[in-house]
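To keep things clear, I will list the structure first and then write my remarks on it.
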Amino acid sequence: MSFTIFNVYRINSFPEEPYLTLDYYSSSCPSAQSIIRSEMECAVLSDPRNAAKILRLHFHDCFVQGCDGSVLLDDTITLEGEKKARPNVNSLDGFKLVDRIKNKLESECPGVVSCADLLTIAARDAVLLVGGPYWDVPVGRKDSKSASLTLAETNLPSANQDLVTLIAKFLYQGLSVTDMVALVGAHTIGMARCENFRERIYGDFPFTAEMTSFTETYLDSLKSICSDTNKGDDDNIAPMDYFTTNLFDNSFFQILLRGEGLLNSDQEMYSSLLGVQTRHLVQIYAEDAIAFFQQFSDSMVKMGNITIPDSFSDGEVRKNCRFVNT
């Protein structure tokens, strides 16, 4: 497998996060990155969908309390986790893969590498392993001792939200409209559940798409796996990029140009009357894969740097990513 390398690390662009550095584990666990890469290689080789699963976990982590590993916490008697939040409950997977990587890290460097850093590095490797860009990952995050089901319910974007709401949710995290469009490009390797694209395929899909014979066949195939009302098929899945499902490239944006985006929230970026800026960005990334890769890399570093002070003052390095240390 060949990789396209875009080393676009720009930590100086984010001076508010001086505690995240490239060499944080250089002496305490120099093999950390190679361990994570090796485990991710095995996982993606066995199932390419593992790349999207880890990338989604990282995204859902960073939008709640910052990138602090809170999404990985299981419910306990004293802690309510985020896994049962509506945007997470049937969407997130990959927890066992995180456990496997963490066990390897604990064997090599006990109590050193945080779950938050593990997830951030693994997300970069996931993208790279399916043909996407490379970027340097600043590290030094701590794991939170808390989670927030409420914030998971409110902060995470959903499949049927309008463009203004989506932009607001990214701006709340300190991410620009440009960041949003680039980061949503991660859907080039994602799958969506019927529950999340039902409204789209039985709604305005024919009005945004050109409805060629191919498009009609595509829409019919989607309807064959996803009924107009829930008939036990909510968990049926379809790729958000039907053209190159397991390859990280810019074809997702080309699909949006044709009006064939699977999710309302995705197609809104190009088809919404309010999406002047987002439409222009979709056109740029559809035409120029390098521009998309460079911006995606920058935006992933920016998103990975979302933190809150509490995670550093009160955080820890969990021994098990599912539970706080006792």
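- Here disulfide bond (SG atoms under 2.5 Å apart) pairs that include residues 156-216, with residues two or more places apart or in two chains, are C194-C226.
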For this session: Determine, step by step, whether M191 and T245 satisfy the side chain to side chain contact (heavy atoms under 4.5 Å, CB included) criterion, reporting the C-alpha distance in whole Å, the side-chain angles of both residues, the deciding distance to 0.1 Å, and the verdict.
Result: CA-CA 8 Å; M191 305 289 285; T245 303; 4.0 Å; yes
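- In this structure, Y218 and P239 approach most closely via the heavy-atom pair OH-O, 4.3 Å.
- Checked by atom type and distance alone, the side chain of D74 never pairs as donor or acceptor with a backbone atom of R322 at under 3.5 Å.
- The shortest side-chain heavy-atom distance between T120 and R124 does not fall under the 4.5 Å cut-off.
- The closest donor-acceptor contact from the side chain of D93 to the backbone of K53 lies at 3.5 Å or more, if one exists at all.
- At least one donor-acceptor pair under 3.5 Å links the side chain of S114 to the backbone N or O of R141.
- The distance from atom CG of L129 to atom CG of N50, rounded to the nearest 0.5 Å, is 10.5 Å.
- The shortest heavy-atom contact between L22 and P138 is CD2-N, 3.9 Å.
- Ionic pairing of E106 and K102 is present here: one or more N-O contacts between side-chain nitrogen and carboxylate oxygen are shorter than 4.0 angstrom.
- For the pair D298 (side chain) and Q295 (backbone), a donor-acceptor distance under 3.5 Å is absent.
- Looking at heavy atoms from C-beta onward, E268 lies out of side-chain contact with L274 at the 4.5 angstrom threshold.
- The CD atom of E108 sits 3.5 Å away from the OG atom of S31 when rounded to the nearest 0.5 Å.
- There is no side-chain donor-acceptor pair under 3.5 Å between S227 and N230.
- Between the side chain of E82 and the main chain of A152, no donor-acceptor pair closer than 3.5 Å is present.
- The closest side-chain heavy-atom distance from K302 to N305 is not below 4.5 Å.
- Remark: F214 engages Y242 in a ring-ring contact (aromatic ring centres under 6.0 Å, His included) (not counting sequence neighbours).
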For this session: Test F248 against F296 for ring-ring contact (aromatic ring centres under 6.0 Å, His included), laying out the working first.
Result: CA-CA 11 Å; F248 195 99; F296 183 81; 4.9 Å; yes
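- A ring-centre distance under 6.0 Å is not found for F292 and F252.
- Looking only at side-chain heavy atoms (C-beta outward), L219 and M211 come within less than 4.5 Å of each other.
- Listed by chain and number, the residues in a side chain to side chain contact (heavy atoms under 4.5 Å, CB included) with N196 are A159, R193, L263 (sequence neighbours excluded).
- Taking all atoms of both residues into account, the shortest heavy-atom contact from G69 to D61 is N-OD2, 2.9 Å.
- With a 4.5 Å cut-off on side-chain heavy atoms, L156 and N88 count as touching.
- At a cut-off of 3.5 Å, with distance as the only test, no side-chain donor of D241 or H187 sits close to an acceptor on the other residue.
- Minimum heavy-atom separation, V324 to S144: CG1-O, 4.1 Å.
- Side-chain atoms of S46 come within 3.5 Å of backbone N or O of A43 as a donor-acceptor pair.
- Minimum heavy-atom separation, L151 to Q65: CD1-CG, 4.2 Å.
- How far CD1 of I54 is from CD1 of I189: 10.5 Å, rounded to the nearest 0.5 Å.
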For this session: Step by step, work out the side chain to side chain contact (heavy atoms under 4.5 Å, CB included) result for L175 and M180.
Result: CA-CA 7 Å; L175 299 168; M180 182 191 79; over 6 Å; no
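- For the pair K83 and F95, the cation sits on the ring face: its NZ or CZ lies under 6.0 Å from the ring centre, inside 45° of the axis.
- The backbone N or O of S34 sits nowhere less than 3.5 Å from a side-chain atom of S38 that would complete a donor-acceptor pair.
- None of L281, L183, T278 except one satisfies the side chain to side chain contact (heavy atoms under 4.5 Å, CB included) rule with T178; the exception is L281.
- Heavy atoms only, all atoms of each residue included: L166 and S265 are closest at CD1-CB, 3.5 Å.
- Here R100 contributes atom CZ and N103 contributes atom CG; the two are 9.5 Å apart, rounded to the nearest 0.5 Å.
- The pair R198-D228 does not meet the salt-bridge criterion, since no charged nitrogen lies less than 4.0 angstrom from a carboxylate oxygen.
- Put simply, the side chain of D75 gets close to the backbone of G81: a donor and an acceptor are under 3.5 Å apart.
- Looking only at atom types and distance, the side chain of Y25 has a donor-acceptor partner in the side chain of D117 under 3.5 Å away.
- To the nearest 0.5 Å, atoms CG (L72) and CG (D143) are separated by 8.0 Å.
- Although no hydrogens or angles enter the test, the distance criterion places a donor-acceptor pair under 3.5 Å between the side chain of K169 and the main chain of T154.
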Exercise. Is there a side chain to side chain contact (heavy atoms under 4.5 Å, CB included) between V317 and V113 once you walk through the steps?
Worked result: CA-CA 7 Å; V317 175; V113 182; 5.7 Å; no
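- Inter-residue side-chain proximity for L105 and V112 is flagged as unmet; no heavy-atom pair is nearer than 4.5 Å.
- Side-chain atoms of L128 and W135, non-hydrogen and from C-beta on, never get closer than 4.5 Å to each other.
- Partner of L119 under the side chain to side chain contact (heavy atoms under 4.5 Å, CB included) criterion, chosen from I101, D68, L57: L57.
- Remark: the backbone N or O of F205 is paired with a side-chain donor or acceptor of T208 at under 3.5 angstrom.
- Salt bridge absent: E316 and K142 never bring a charged side-chain N and a carboxylate O closer than 4.0 Å.
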Exercise. Where do F63 and F170 land on the ring-ring contact (aromatic ring centres under 6.0 Å, His included) test, with the steps shown first?
Worked result: CA-CA 9 Å; F63 266 55; F170 277 81; 5.1 Å; yes
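- Annotation: side chain of R258 is not in contact with side chain of E210 (no heavy-atom distance under 4.5 Å).
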Exercise. Should Y285 and V184 be marked as a side chain to side chain contact (heavy atoms under 4.5 Å, CB included) after you check the CA-CA gap, both sets of side-chain angles, and the distance that decides it?
Worked result: CA-CA 11 Å; Y285 299 150; V184 172; over 6 Å; no
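- Remark: K223 NZ to Y202 OH distance equals 6.0 Å, nearest 0.5 Å.
- In the model, T217 has no side-chain atom that pairs as donor or acceptor with a side-chain atom of D220 under 3.5 Å.
- Side-chain contact, S221 with S224: no donor N or O sits under 3.5 Å from an acceptor N or O.
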